Amino acid sequence: MHKFPLPRIHPMDPPQQYREAEVQCPIHKVEQWNGKQAWFFTRYDDIRSLLTNPRTSADASHPNYPAQNAALAIVRKDYQVFAQMDPPEHTSERRLVAGDFSVQRIELMRPKIQALVDRRIEAILSKPKKADLIADFAGPVPCGVICTLLGVPETDHSLIQSWAREISSLNTSSETAAVMIKDFCDNYLTNLVRKKNAAPEDDLLSRLIVQQMRTGHISELKVVSLARLFLTAGHESSSDTLGLGLAALLYNQDQLALLRDNPALIKGAVEEILRYTDVTHSGRLRTAREDIEIGGVTVRKDDAIIMHQPTANRDPALFPNPNQFDICRPPRPHLTFGTGIHSCIGQPLARMELQIAIGSLIQRIPTLRPTQALEALHFHHRLAIYGLESLPVTW
Ligand code: HEM
């Protein structure tokens, strides 16, 4: 039995050992950080089938729910949100915010996102031909986008960004991160919700407060918990996908040139970036509500389940030459946003911001190139989201 998680061999590929273990025994168990066992799935078809199976549970308060570290388990318990709930609670809570994430609603944000991206590119261009694409671009852009959606005042965007950066930094222990998240929820976010309650505006948090909190449908703690969910789920995942996606392009200059010369390829390029980078590397986590027969094994009621969808996104049965980064790959549905009832609510927003950010950066700075070898870059790998610490470039 191997442990989970295992370290990567190549920074842009999921740990090779997961595939090797799958070849020997397609469905097996792994040992988690706390010594407990979990069923481990890496095949595309198995994961698709489990993610849409109502016999699985996403309830993070289950004693066997897998967690990649103790700190995250505490945070999830204190600020419960629909991401870790089952129907019917999941259905009704997700419905409260689904309208704000619809394709039509998100489309209205396009001009604001474009303006935000343009400002960042101008700032990069004002520098003496040297920038860090994480600190100068991939960090601030998604932070600005999610803050705009929620209604976080612009003066606080950099505070939110440095908070998020510190939490996911290599130098922050997971215990410190948990304390920081709690402090942020109990102080900054609670104050923000109170300010919005006093003077609501046209944003997601104000709508939740006016329509749901004031009418007694949800508590202040729930609004704070949802704000935390969106700020973390919608920020780090997009930020790290943007950073790694830019790295994938910069370290595959043929693909970068292809996209630069054919801007219409941006949609396919972003789908390939999502498949190839798949930053939620702790996998999809569940327990079994009842016995589940799958692929010749029986997952017993209450057993822990880890589905490693980054490995499934490299399944050669679906994606020929899976470790090759190819922006012209024929479209096939990847699992980067999950699937089923918990599939990512923010995917229209993530897609749009990635398309605008990457498309605009490449057109405005066509000679962009990295200044360090890929092997010299630092990646953060301990928390739920995988990503780059910095990406130095010149042009
Ligand atoms: C590239 C960026 C993103 C990636 C890779 C990503 C990935 C995912 C994945 C894999 C899930 C499924 C979780 C599961 O099945 O257990 C998910 C759910 C979720 N995502 Fe995203 N996400 C991204 C961007 C966003 C954005 C921009 C938001 C906006 C707030 C967001 C909010 C959420 C929420 C609230 C859920 C929970 C949905 C539910 O349980 O019903 N995500 N995301």
Side-chain angles (χ1 to χ4, degrees), residues 41 47-48 50-53 56-60 65-68 76 79-98 100-102 105-106 109 113 138 141-152 164 203-205 208 225-246 270-287 305-310 312-313 333-358 384-387:
F41 293 87
I47 295 182
R48 252 199 119 76
L50 275 174
L51 284 173
T52 49
N53 189 331
T56 59
S57 166
D59 178 359
Y65 185 83
Q68 76 279 19
R76 283 187 167 149
Y79 306 97
Q80 291 181 12
V81 279
F82 63 94
Q84 278 91 41
M85 288 177 187
D86 295 330
E89 291 79 11
H90 168 269
T91 321
S92 48
E93 197 172 302
R94 181 166 166 139
R95 203 174 282 147
L96 296 179
V97 289
D100 278 273
F101 289 99
S102 69
R105 221 20 193 280
I106 292 302
M109 289 184 71
I113 298 180
V141 168
C143 179
V145 170
I146 194 68
C147 286
T148 305
L149 179 81
L150 290 181
V152 174
D203 56 56
L204 194 156
L205 278 188
L208 268 179
S225 303
L226 286 169
R228 180 202 71 86
L229 171 68
F230 300 140
L231 276 174
T232 46
H235 175 188
E236 291 166 61
S237 50
S238 308
S239 167
D240 285 316
T241 305
L242 180 53
L244 286 177
L246 288 169
V270 164
E271 292 314 302
E272 176 65 349
I273 284 170
L274 285 162
R275 178 197 78 87
Y276 185 76
T277 61
D278 198 345
V279 295
T280 62
H281 68 152
S282 47
R284 312 277 44 87
L285 311 177
R286 302 288 189 269
T287 54
I305 299 170
I306 298 174
M307 294 163 263
H308 202 257
Q309 89 289 335
N313 276 338
H334 54 72
L335 291 171
T336 304
F337 291 124
T339 188
I341 60 166
H342 288 283
S343 71
C344 179
I345 201 170
Q347 48 187 301
L349 179 59
R351 284 198 162 97
M352 191 167 82
E353 63 181 305
L354 287 168
Q355 289 167 11
I356 295 176
I358 295 169
I385 315 279
Y386 184 69

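Keep in mind that this is a model prediction, so the values were computed, not measured. Just so you know, these numbers use all the heavy atoms, side chains as well, and skip hydrogens, waters and symmetry mates. Just follow the structure's listing: the first ligand is 1, and inside any ligand the first atom is 1.
Checked by distance only, ligand 1 and T280 stay at 3.5 Å or farther apart across all their nitrogen or oxygen atoms. Taking any N or O of S343, backbone or side chain, none lies under 3.5 Å from an N or O belonging to ligand 1. Ligand 1 has a nitrogen or oxygen under 3.5 angstrom from a nitrogen or oxygen of R94.
Distance from atom 37 (C) of ligand 1 to its nearest protein heavy atom, with residue and atom name: A83 CB, 3.7 Å. Protein heavy atom closest to atom 34 (C) of ligand 1, with residue, atom name and distance, is I345 CG2, 3.6 Å. Of all protein heavy atoms, the one lying nearest to atom 6 (C) of ligand 1 is F337 CD2, 3.8 Å. For atom 28 (C) of ligand 1, the nearest non-hydrogen atom of the protein is G234 CA, 3.4 Å. From the protein, the heavy atom lying nearest to atom 24 (C) of ligand 1 is S237 OG, 3.4 Å.
Between G338, P142, C344, it is C344 that holds the heavy atom closest to atom 17 (C) of ligand 1. For atom 2 (C) of ligand 1, the nearest non-hydrogen atom from the set G340, S238, G283 comes from S238.
For ligand 1, the atoms closer than 4.0 angstrom to any heavy atom of L229 are 35 (C). Distances below 4.0 Å separate heavy atoms of F82 from the following atoms of ligand 1: 35 (C), 38 (C), 39 (C), 40 (O), 41 (O). Each of the following atoms of ligand 1 lies closer than 4.0 Å to a heavy atom of F230: 30 (C), 35 (C). Of all atoms in ligand 1, listed by their number and element, those nearer than 4.0 Å to a heavy atom of R286 are 14 (C), 15 (O), 16 (O). Atoms of ligand 1 lying under 4.0 Å from any heavy atom of I146, numbered from 1 in the order shown and given with element: 29 (C), 30 (C). Of all atoms in ligand 1, listed by their number and element, those nearer than 4.0 Å to a heavy atom of R284 are 10 (C), 12 (C), 13 (C), 14 (C), 15 (O), 16 (O). Listed by number with element, the atoms of ligand 1 under 4.0 Å from a non-hydrogen atom of T241 are 1 (C). Set against the non-hydrogen atoms of F101, the atoms of ligand 1 under 4.0 Å away are 29 (C), 30 (C).
When non-hydrogen atoms are compared, ligand 1 lies under 4.0 Å from the backbone of T336 as well as from its side chain. Here H90 has side-chain heavy atoms under 4.0 Å from ligand 1, and that is the only part of it that gets that close. Residue H342 touches ligand 1 through backbone and side chain together, judged by heavy-atom distances below 4.0 Å.
Under a 3.5 Å cut-off, the side chain of T91 and the backbone N or O of P87 do not form any donor-acceptor pair. H334 places no side-chain N or O within 3.5 Å of a backbone atom of P310 that could act as its donor or acceptor partner. Side-chain atoms of S92 come within 3.5 Å of backbone atoms of P88 as a donor-acceptor pair (strictly under, hydrogens ignored). Of the possible donor and acceptor atoms, one in the side chain of T52 sits under 3.5 Å from a partner among the backbone N and O of R48. Between the D86 side chain and the A58 main chain, a donor and an acceptor come within less than 3.5 Å of each other. Under a 3.5 Å cut-off, the side chain of R105 and the backbone N or O of D100 do not form any donor-acceptor pair. When atom types are taken as modelled, the side chain of H235 and the backbone of P142 share no donor-acceptor pair closer than 3.5 angstrom. A donor-acceptor pair under 3.5 Å is formed between the side chain of R94 and the backbone N or O of I341.
Contact check for T280 versus I385: side-chain heavy atoms found under the 4.5 Å cut-off. Residues Q80 and E93 form no side-chain contact, since every pair of their non-hydrogen atoms from C-beta on lies 4.5 Å or further apart.
Looking at every heavy atom in both residues, V270 comes nearest to Q355 through CG2-CG, 3.7 Å. Listed here is the closest heavy atom pair of A312 and L335: CB-CD1, 3.9 Å.
One distance of note links CD1 of I113 with CE of M109; it measures 4.5 Å at 0.5 Å rounding. With values rounded to the nearest 0.5 angstrom, I358 atom CD1 is found 10.0 Å from E353 atom CD.
For the ligand labelled ligand 1, residue I341 lies inside the 4.0 Å heavy-atom shell. Look at L274 and you'll find a heavy atom under 4.0 Å from some atom of ligand 1.
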